[in-house]
Each structure stands twice: as structure tokens, then as C-alpha cells.
Amino acid sequence: MKHFQTFLALAIVFAVIGCQSSEGNSRKSQAILDMKRATDFHSYSQPDEAVVTHLNWNASVNFDDRIIRAIATYDIDASANAKRILLDCVDLTIEAVTVDGAAVDWSLGPEQAFIGQPLSIPVTGDSKRISIQYASAPTAGALLWVEGEQPFLFTQSQAILARTWIPCQDSPGIRFTYEAHVDVPVGTMALMSATNPTQQSADGHYDFRMDQPIPSYLMALAVGNVEFRSVGPHTGVYAVPELIDASEYEFGEMEQLLVAAENLYGKYAWERYDLLVLPAAFPFGGMENPRLTFATPTIIAGDRSLVSLVAHELAHSWSGNLVTNSTWDDFWLNEGFTVYFEQRIMEAVYGREISEMLATLSYQGLVDEVDEIMDTNPDDTHLKLHLQNRNPDDGMTAIAYDKGYFFLRLIEETVGREAFDAFLKTYFTEHAFTVMDTDRFITYLKENLLNTADRLTAIDLDAWIFGAGLPANCPQVRSERIEQVDANLAAWESGSLVTSDLPWENWVYQERYRFLSNLDDGTSAERMQELDKAWKISITGNNEVLFAWLEQSIRSNYTPSYERLESFLIKVGRRKFLTPLYRAMVETGQKDMALGIYSKARPNYHSVATGTMDELLEVD
Ligand code: BES
Ligand code: ZN
């Protein structure tokens, strides 16, 4: 029944985009996609020659030597004159390769920075199936093996790290379905971006299916001693036993978020939406792995105040997972749309006052980051990026997210919400399970929404998408509550308001964050002590508030916070927190302290965090 439903969903989608989903037509539909696909400089794959269509992954996960041993068998679709299929690999040991059951002479090409090596497998137009037996490296970039009494493994594949644990065509424009058969240590549960178990198996064996085609960056695996709790008919949470009660409460509104999202932009395409709480070393806030968002435990605040992150990852189920950026240069099509959608979910569920506070905070973050990037590399403030020969990670700035958001908000304000919502809903439906690049989006937008000279002039697409900085027509956001905080802060700084007069207890997290993150850099340690005494911030359960407090403590040389700073940095590996904290230490002449803490913390961090911190702290 489940399969039938999935089939039906896919059939409808393909009918809408004008081609059939039957296997006989897969080459035709692939060819249509190929024509539309832009060159992806971050992958060796040559989709015109041959593409993968389905993966059967048989793997065993070994914590002792930190190696995944696997056989990846792909169904492929090769063009009539195909001579080879190229897959991306980084640090994989390839042991044997077969094509339609026969051993073949494969080769690994020279290694290039970031993108690794091409695995070339000889095929012909008639080849149907390739099989690769391989092992991952203990240092594989996607994987973090967490030590301790409760071992835990998780992957982070986006942007181009899937190739460090599976040989694959690691380009967001190439989609495939998958099934997986995975052996893990008894006493742990394995979870993937696929159909998932809700209980541990007795023998450590788990089977998975993902029947909707996904790009490789959405391949995900986690292994640990986790439990499941249902929070709604289509929603649930997984967490380690110590966090399961707190997680069940914190994410108890997930079903409402899902319903709000569907009411905005159409039916949820992935059947279930669950969330896995990862160890604190997870380098991101969240990752939109289909059917199973991976999330940092630092959003468990005890009061559901940080759930906008869940709204964000859920929104990716449409923007990103359904309509996927063609290359990492088009990353704003994933993230900008997702921030816009996230804001709309937040508004629908929690009201406009809350969503406008969030937008006001994003605006401030965006203005600061635009200033910073304009000083070093103004081209990186364009929505459409140029990441050739660079790490696609460089594109993960507030530009894709918040400049993208304000661009879409400008369109909404120009054409009216009703017209924009209708446009977006159709956009997601018509392009479901396909890729989108910036130029094609512009054409689609002009044909379907910005079809008058007035609208085009009001928006100025070129300035937003191909121009630097923040255009002058950027929408204005206003939040009275945030303005009130700013007024309180100014009065406190000038001495006309004393600490005990500040309404900290009545402030929600957004207001507390605004106050702390806008304290003057020169705030004295004495003044910090006053706040600390009054508000006991070092023991707050809200990690965003704690983070803002710790950063200001560094800038104010407020040493009583330093013990908390160190324990925070050793435990938490979320890059969004690490970068500003280590940078603040460097900028205030406290680099020795930074290096001391980093030497203890580094073994706990994921490669995407150590990559950034090594550079920041000039560590080899
Ligand atoms: N897809 C991103 C995370 C990502 C982007 C990982 C690029 C690797 C490369 C995810 O949806 C995301 O944006 N996470 C944010 C949270 C969000 C609320 C802005 C994060 O982790 O900070
Ligand atoms: Zn995102």
C-alpha cells in the first residue's frame, strides 16, 4: 500500500511535468533533465554519458576501526555511445568493481582539491548495473565517530562530502532512489534519510528504502543508542535516552508545523517527517535529510523557543529536497526560499509579532555580513555565486539565506501575498523532483509572475541576483518589541536606566539575544558583572542567549565567564557558535586562550568545523 501511494505521488508529479514515470521512459525524462542541467564544477560525473538511477547499499559499520565497509550497486542509465561512467570519490579504498556481474578494469584519476578523484568504470550503452566494493577512510570528511560510553556515528553529506563515504555522482542535479541494508553494533539503532525503524533490532541489522529520487547530498546515516517517540500522526523524534523526554516536549509541535507548511505550499511529498537529535558535536543547527531532519541538541531550550530551526529544515522538504539547486552556485535557490518558507510557517503557527522579530534579527545579521564580505570579496554578495575551484562551503553565508529571503519578500510585497503564494505553490508542484538553476528560475519568474514592466522595474532582478551588496529597495522590517529593547539598551548604556529596571524576565529569547548581542564592544567587565548577577546568564538553558553572552564576555574580558566558555566550546561543535567565539578571542588579543581551548576541543569536532577553525586559528 505504501509503495502504491509513493508510486501514485510520483506518477502525479511526472504527469504534471509532462513525462511519464514508467521505467521505459526514464531515459527520456533523464534526457530532458540533462538538457536543463548546468555544468557542476564540483563533480566529475558526466551525466550526458551515464547516470545512476537507483542505489542498493549493503554496508557494515565498524566503530573499532572507524570504517564503513560496503558494496554499492547502482542501476545506471547509459547513453547509446557511452564508454564509461564517472563517480566521485574522496579517500575511498576501492576493492572490486563489476559491470552486470563481470569484473572490469576500473581506474581512479588524479586527485583535485575539494573534489577528490574520479572513479572511471567502463560501460556501454547496454550496461545496466555497476557494483563497487569499497571501504571508507577512518578520517572520512562526512563522518563523525563520537567516542564515549555511548558511541555515536553520524554523517553530514552536504555539500560535497557524500563522496567520502559512498562512491557516487555527487552533484545535486543527479537524483536516484535507494535501498540500504546495514549492519551496526547490537545495542544501537541505524537511521537514514529513508523509511526508518522505531525500535532497535535484536541483531543489529536494518533495512531502508527511499522510493523518491534524491540527490547524493541528502544521503544520510546515523548510528547510536536512540529511542523514538511519536509526536503526531506523521511526526516523531529520535534521541538518546537522556534527551528523549526533553526532545518529545521541545518538538511537540512538529505536526502543527507540517500542517501549516502543507497549507501554504502543497502536500508534503515524503510521507513522514521525523527529527533526530544528534550529539552536540553536530557542526550545523540542522540538516534537511529527507524524512529525517538531523538537528543539534543546542536547540533544546526547554520552552520551544528555538523551533524556527525545525520550521526551516521542514521547509526544505519543498525548497531543496523537491526542487533542488542545480549546482552550489545556485545555493540561494535552496536556502533563500527555505528561509522565506520558514518565516511563513513561523508566522502561521506563532503569529506575525514573533516572525517579524526573527526577520529583524536576520536583517541585522545580513547587514553586518554584507559589510564584512564587501571588504574582502564583493562578488560573494551576489545571490548567484561563482564557486568554481573553491570549497562550496564558502557559499554558506547570510547572502544565500537572508539576502535570498529579502529578495523573495520584496517580490511578495510587490505583487501581493496572494499572487506570490499561488506562484510558489505552482513552482514547487511543477518542478517537484527536478533541478533548478538561477537562469531558469529568472525565466520562469518573468513568464509567470513578473510579467509587467512595472513589476520588473520595482524589483530590479539584476541588482539582487548579479549585483553586490544589499539593493536600496530591500524591504524594511520593523518590530516594536525589538525597538523597545534597543531603547532599553541605549538607556542602560547611557546610565538613565539601571540594571534592575530592565525587563529581562519578561523578554522572550529574541529580545534577550538582541540586547546581549548589541552590547557595546567596550562594555566594561564591571557592567557585565551587574548583568550576570541579575540574570545568571551562564546557567541559561537557551544556547543562543548563552552564545551571545559568551561572545560579549570575551570582548569585555569578563573572566568569570571563561570557565563556561571553555566547557561550551569543548562540548558544542556547532560552527555558527564556534566561529564568532574563537574569532572574538583572536581579535581581542586572547589567541593563546583560543589555542588552548581548541587543542582540547578539536578532537570532538566534525571536519567542516575543524576546516574553518584551523584556518581561523592558523593551525596546520
Ligand atoms: N542545508 C543547511 C545546512 C548546510 C548548508 C550544510 C550547506 C552544508 C552545506 C541547513 O538547512 C541549514 O541551513 N542549517 C542552518 C539552520 C537554519 C535555521 C538557518 C544551520 O545549521 O545553521
Ligand atoms: Zn537550510
Side-chain angles (χ1 to χ4, degrees), residues 42 114 141-142 144 154-164 170 172 193 214-220 257 273 275-278 280-290 292-299 305-325 327-346 355 358-359 361-362 365-366 369 385 387 390-405 408 509-510 513 543-544 547 572-580 606-609 611-612:
H42 293 107
F114 310 119
L144 191 70
F154 65 82
T155 63
Q156 169 56 44
S157 297
Q158 197 183 9
I160 52 169
L161 296 175
R163 64 191 72 178
T164 70
D170 202 4
S193 49
I214 60 165
S216 56
Y217 78 89
L218 297 176
M219 289 298 300
L257 300 177
Y273 180 71
L275 180 142
L276 166 64
V277 177
L278 286 175
F282 185 51
F284 295 111
M287 176 64 213
E288 66 271 26
N289 298 131
L292 183 66
T293 282
F294 281 18
T296 170
T298 60
I299 53 168
S305 56
L306 301 177
V307 294
S308 65
L309 184 130
V310 181
H312 178 95
E313 304 312 333
L314 169 66
H316 271 304
S317 306
W318 287 258
S319 43
N321 299 4
L322 216 48
V323 186
T324 307
N325 54 204
T327 71
W328 300 114
D329 286 352
D330 308 301
F331 185 53
W332 76 277
L333 293 175
N334 272 19
E335 297 300 342
F337 279 68
T338 297
V339 174
Y340 178 82
F341 195 169
E342 165 198 346
Q343 281 287 118
R344 294 295 304 277
I345 296 171
M346 291 304 289
S355 65
L358 290 168
L361 298 186
S362 319
L366 174 61
E369 208 163 327
L385 295 169
L387 296 168
R390 296 169 66 189
N391 189 339
D393 221 39
D394 292 356
M396 202 190 175
T397 69
I399 300 303
Y401 287 79
D402 299 318
K403 185 178 176 184
Y405 163 72
L408 296 176
Y509 122 74
Q510 290 87 341
Y513 180 86
N543 286 291
E544 294 281 349
F547 158 72
V572 176
R574 188 174 171 188
R575 188 170 61 177
K576 180 184 115 168
F577 293 150
L578 306 187
T579 307
H606 185 274
S607 76
V608 304
T612 309

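One-based numbering, in listed order, for ligands and for the atoms of each. Quick note: residue numbers are just sequence positions, from 1. Quick note: numbers below take in every heavy atom, side chains included, and nothing from hydrogens, waters or symmetry partners.
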Is Phe331 close enough to touch ligand 1? Criterion: a residue heavy atom under 4.0 Å from a ligand atom. yes
Is the closest heavy-atom distance from Gln156 to ligand 1 below 4.0 Å? yes
State, with a plain yes or no, whether a side-chain heavy atom of [X] is found less than 4.5 Å away from one of [Y].
X	Y	value
Glu369	Ile399	no
Met287	Phe282	yes
Thr293	Val310	no
Val608	Gln158	no
His606	Leu161	yes

Relative to the ring of Phe331, is the ring of Tyr401 parallel (under 30°), tilted (30 to 60°) or perpendicular (over 60°)? perpendicular
Ring geometry between Tyr217 and Trp328 (parallel below 30°, tilted from 30 to 60°, perpendicular above 60°): perpendicular
Out of Phe577, Tyr401, Phe284, Phe282, whose heavy atom is nearest to atom 12 (C) of ligand 1? Tyr401
N or O pair under 3.5 Å between Glu342 and ligand 1: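 Not met; the criterion fails.
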Looking only at distances, please establish whether an N/O atom of ligand 1 is found under 3.5 Å from an N/O atom of Lys576.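 No - when backbone and side-chain N and O of Lys576 are compared with those of ligand 1, no distance drops under 3.5 Å.
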Using a 4.0 Å heavy-atom threshold (strictly under), name the region of Glu288 that reaches ligand 1: side chain, backbone, both or neither.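 Side chain only.
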Let's go through Phe294 and Gln156 carefully: what are the C-alpha distance in whole Å and the side-chain angles of both, what is the deciding distance for side-chain contact (heavy atoms from CB on, under 4.5 Å) to 0.1 Å, and is it a yes or a no? CA-CA 9 Å; Phe294 281 18; Gln156 169 56 44; 5.7 Å; no
Sub-4.0 Å atoms of ligand 1 with respect to non-hydrogen atoms of [X]:
X	result
Met396	3 (C), 4 (C), 5 (C), 7 (C)
Glu313	10 (C), 11 (O), 12 (C), 14 (N), 16 (C)
Leu309	16 (C), 18 (C)

Tell me which protein heavy atom sits closest to [atom], plus the residue, atom name and distance to 0.1 Å.
atom	result
atom 10 (C) of ligand 1	Gly286 O, 3.2 Å
atom 20 (C) of ligand 1	Gly285 N, 3.5 Å
atom 5 (C) of ligand 1	Gln158 OE1, 3.4 Å
atom 2 (C) of ligand 1	Glu335 OE2, 3.3 Å

Quick one: report the N, O or S atom of His316 that is nearest to the Zn ion (ligand 2).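 Restricting His316 to its N, O and S atoms, the minimum distance to the Zn ion (ligand 2) goes to NE2.
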Is the distance between the Zn ion (ligand 2) and the nearest N/O/S atom of Glu335 smaller than 2.8 Å? yes
Between Lys403 and Glu335, is the closest basic N to carboxylate O distance under 4.0 Å? no
Check each of Gln343, Arg344, Glu342 against Tyr340 using the side-chain hydrogen bond (donor to acceptor under 3.5 Å, both in side chains) test, and report the only one that passes. Arg344
